[in-house]
*Asks:* 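I have a structure here, written as structure tokens, and I will follow up with some questions on it.
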Number of protein chains: 2
Amino acid sequence: MIKNKKVSLADIAMTLGVSKTLVSMVLNGKGDENGISKKTQERVMELAESMNYKPNQFARGLRMGRSNTIGLIVSDISNPFYSRLARSVEDAVSESGYNLMICSSDESEEKEMKLLEMLINKQVDGIILSSTLDSTDHVESLQNENFPFVLIDRIYNDFEANTVVVDNRTGALEAVEFIINNGHKKIAALVISPAHISTQVDRLEGYKDALSKHSIPINQYYQKVVKREDIYNAVSQIFIEWKSDHMMPTAIFVTNNQLAIGCLEAIRDLGLSIPKDISIVSFDDIDLFKLYSPPITSVIQPINSIARNAVEILLDNIKIKDNSESLIKTHKCLQTNIVVRNSVLKLA
Amino acid sequence: MIKNKKVSLADIAMTLGVSKTLVSMVLNGKGDENGISKKTQERVMELAESMNYKPNQFARGLRMGRSNTIGLIVSDISNPFYSRLARSVEDAVSESGYNLMICSSDESEEKEMKLLEMLINKQVDGIILSSTLDSTDHVESLQNENFPFVLIDRIYNDFEANTVVVDNRTGALEAVEFIINNGHKKIAALVISPAHISTQVDRLEGYKDALSKHSIPINQYYQKVVKREDIYNAVSQIFIEWKSDHMMPTAIFVTNNQLAIGCLEAIRDLGLSIPKDISIVSFDDIDLFKLYSPPITSVIQPINSIARNAVEILLDNIKIKDNSESLIKTHKCLQTNIVVRNSVLKLA
DNA sequence: CTGAAAGCGCTTACAG
DNA sequence: CTGAAAGCGCTTACAG
């Protein structure tokens with residue numbers, strides 16, 4: 001079934017006594033428009049099939065300047081959010097006959113730049129990017145080159161591009177409002193570094209929105225950035241600080257699943273009980289939250305929808321570029337949902 | 001930084017007034033061996049740099065018949081075991097200047113065959129495969145074509161190929177022995193479908209080994225295959241059956257992390273308590289186990305080492321093939337470790 | 001209805 | 001020390 005015999009267009013043309021041109025046309029479905037007789041078309045198709053002909057992708061790519069491959073860059077494919085996202089992207093692109101190249105940037109600006117170069121060098125037809133960069137130089141280059149790409153998950157306020165995101169601010173607002181509606185006033189927010197990333201910024205804004213809306217004073221002391229390299233220890237320190245200051249919040253909002261995991265560990269190890277001693281709600285839903293004791297209330301992102309939208313927009317852009325029309329920009333903002341479980345205490 | 005200007009060898013040769021041959025040689029580090037003067041070499045290098053020359057991969061691939069890309073097929077990249085494996089593979093191949101194409105087969109034989117064809121068609125230089133297939137036809141084809149590949153995680157007893165696996169049988173034996181040493185006699189084993197997969201077979205063997213070793217009768221009734229499509233319900237049914245038969249085991253051994261998740265849910269929803277009502281140990285360690293109440297004892301696989309070994313063997317094979325020597329076969333079997341937590345009750 | 005030819009951008013004998 | 005030329009396998013004007 002898997003043959004490697006390298007049969008080429010020329011082989012087919014030769015055996016059939018026709019030209020490569022004809023074979024190429026037929027195999028690319030351009031038989032009719034070029035008026036190749038049905039009979040000839042059939043003969044070509046059949047032989048190609050029986051010889052198990054597979055066009056050489058390099059030759060094709062070289063000639064046509066396209067690879068039928070798209071690139072996806074995320075910070076870490078082993079983060080469950082991104083692995084599920086990648087899976088959805090994989091499914092979506094493959095339905096359209098594209099292949100996918102998945103890369104992890106590790107939140108390293110240098111690595112992301114390298115990856116971007118590599119993908120362009122590999123001549124991918126487009127890129128889906130969840131960027132770790134603060135500056136927009138790299139995406140501006142892409143834009144200038146008229147290279148099709150869409151930004152997902154993380155975007156730039158001051159830069160116009162194709163984007164598919166979730167309404168992080170509203171999602172966060174709803175989450176914190178849920179906490180407030182349970183009677184809490186001392187609510188802390190933990191974000192993960194690098195703090196410039198739009199998801200973190202927006203979720204923190206949403207947190208502040210909620211407090212403002214309910215006339216709760218916003219306190220810097222309750223907003224902490226946690227270094228992603230050492231979440232557990234950083235979070236533990238924060239709790240210890242709060243405790244020794246006698247300023248322990250009654251609830252915390254965490255903006256990312258890894259952060260949540262670190263918090264759950266730290267809270268447990270400090271002998272604190274959820275939600276009795278401290279309430280918690282997290283952004284991103286993972287298996288763990290459903291099964292934790294108590295189950296953790298969280299904000300769930302429509303991962304599949306993010307992926308599908310991004311792919312759709314990207315493929316549209318690729319098509320547009322092929323017709324050498326100029327690229328348009330599409331923005332898609334999806335809503336999150338809050339899954340209420342048992343990690344928030346109802347205060348009197 | 002990212003230029004798309006498509007500068008070619010010819011451009012460099014032209015501006016420098018030398019031949020493409022020379023430029024190509026220099027850029028491929030063959031300047032010295034072809035006796036190109038240091039001076040010329042420098043001029044070429046500098047210009048290439050300043051023009052930001054990037055060789056066209058299609059042209060290169062077409063000419064040389066290699067892509068510098070390797071393929072990885074796993075059942076599902078969103079399964080944490082595989083996403084971590086993929087991440088390690090990505091790191092390992094990129095250190096050697098290779099790119100990676102990750103694909104999910106979804107345990108579908110048809111899909112896996114398509115993926116394999118696709119990767120070969122894309123002319124990847126080698127494949128790392130965790131196969132879902134029962135038959136070995138597909139890997140035999142690869143072998144016959146002298147196509148470099150290595151089987152990981154899942155292998156075939158009756159088929160000789162490069163393999164990197166974990167000692168599933170011993171890992172399972174140790175896990176079950178741990179249960180036995182805590183005084184249990186009624187121990188069940190749950191495996192996931194498709195049950196023909198070597199990991200499942202071997203882990204079940206290990207389970208039986210442990211029972212035999214301790215002279216505990218092996219009972220078919222305590223060995224169940226769970227359909228992966230509907231784990232939660234299937235597991236619930238099994239527990240209900242055991243209960244109504246008054247045959248509830250005191251401990252279960254589950255052979256996969258997804259299965260474990262389903263079990264934890266089912267056990268919780270049936271109002272059973274771990275480890276008081278039932279003890280459990282799982283194969284594969286995931287974040288959840290560490291944080292669950294109680295923390296779940298599990299068998300941990302050396303994921304990074306699996307990845308690194310597989311990549312090393314694969315790249316060796318690719319090199320060997322390039323020198324048109326015949327491929328050798330390497331087998332690597334890594335040991336697992338058991339992480340003891342609190343999910344097994346000490347019986348009197 | 002069909003074919004000869006050019007050309008995509010490389011690398012590699014071969015020749016001097 | 002260096003270059004002209006062939007060829008990898010395709011697609012696409014162009015010609016008839």
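Letters A, B, ... are given to chains in the order of the sequence lines, protein chains preceding strands, and every chain is numbered from 1.
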*Asks:* For the CD atom on A:Glu49, are there more than 12 heavy atoms of other groups (residues, nucleotides or ligands in this structure) within a distance under 6.0 Å?
*Replies:* no
*Asks:* Rounded to whole Å, please give me the gap between CZ in A:Arg66 and C1' in D:dT11.
*Replies:* 13 Å
*Asks:* What is the distance, to the nearest angstrom, from the CG atom on B:Leu16 to the C1' atom on D:dG3?
*Replies:* 14 Å
*Asks:* Separation of A:Met64 atom CE from C:dG7 atom P, in whole Å?
*Replies:* 18 Å
*Asks:* Any donor-acceptor pair, under 3.5 Å, between the side chain of A:Thr21 and the base of D:dT12, if you only look at N and O atoms?
*Replies:* yes
*Asks:* Whole angstroms only, please: what is the CG-P distance between A:Asn56 and C:dG9?
*Replies:* 16 Å
*Asks:* Just N and O in the side chain of B:Ser19: are any of them under 4.0 Å from OP1 or OP2 of D:dG3?
*Replies:* yes
*Asks:* Report the base-pairing partner of C:dA15 (Watson-Crick or G-U wobble, both distances below 3.5 angstrom), or none.
*Replies:* D:dT2
*Asks:* Taking only N and O in the side chain of A:Arg60, is any of them less than 4.0 Å away from OP1 or OP2 of D:dT11?
*Replies:* yes
*Asks:* Any side-chain N or O of B:Ser24 under 4.0 Å from OP1/OP2 of C:dT11?
*Replies:* yes
*Asks:* Measure the distance from CG on A:Leu22 to C1' on C:dA4 and round it to the nearest whole Å.
*Replies:* 13 Å
*Asks:* Taking B:Leu16 as the fixed residue, which of B:Thr40, B:Val44, B:Asp11 is the one that meets the side chain to side chain contact (heavy atoms under 4.5 Å, CB included) rule?
*Replies:* B:Val44
*Asks:* Could you go through B:Arg308 and B:Ser88, starting from their C-alpha distance and side-chain angles, then the distance that decides it, and tell me whether this counts as side chain to side chain donor-acceptor pair (under 3.5 Å)?
*Replies:* CA-CA 7 Å; B:Arg308 302 242 155 220; B:Ser88 295; over 6 Å; no
*Asks:* Can you check whether B:Val139 reaches B:Leu129 side chain to side chain, under 4.5 Å on heavy atoms?
*Replies:* yes
*Asks:* Does the A:Ser305 side chain pair with the main chain of A:Pro302, one donor and one acceptor, at a distance under 3.5 Å?
*Replies:* no
*Asks:* Using only side-chain N and O atoms of B:Lys30, determine if any of them is under 4.0 Å from OP1 or OP2 of C:dT11.
*Replies:* no
*Asks:* Between B:Met25 and B:Leu62, which is nearer to the 5' end of DNA chain D once each is assigned its nearest nucleotide?
*Replies:* B:Met25
*Asks:* Hey, is A:Glu117 close enough to A:Lys122 for a salt bridge, meaning N to O under 4.0 Å?
*Replies:* no
*Asks:* Could you state the atom-to-atom distance from CE of B:Met14 to P of D:dG3 in whole Å?
*Replies:* 13 Å
*Asks:* Can you see which heavy atom on A:Arg87 is nearest to which on B:Ile77, and at what distance?
*Replies:* CD-CG2, 3.4 Å
*Asks:* Using atom P of each nucleotide, how far apart are C:dA13 and D:dC1 to the nearest Å?
*Replies:* 23 Å
*Asks:* Return the value, rounded to whole Å, for the distance between atom CG of A:Asp11 and atom P of D:dG9.
*Replies:* 8 Å
*Asks:* Pull out every residue in residues 31-45 of chain B that has a heavy atom closer than 4.0 Å to any atom of DNA chain D, ordered by number, or say none.
*Replies:* B:Asn34, B:Gly35, B:Ile36, B:Ser37, B:Thr40
*Asks:* What's the CG-P distance between A:Leu9 and C:dG7, to the nearest Å?
*Replies:* 19 Å
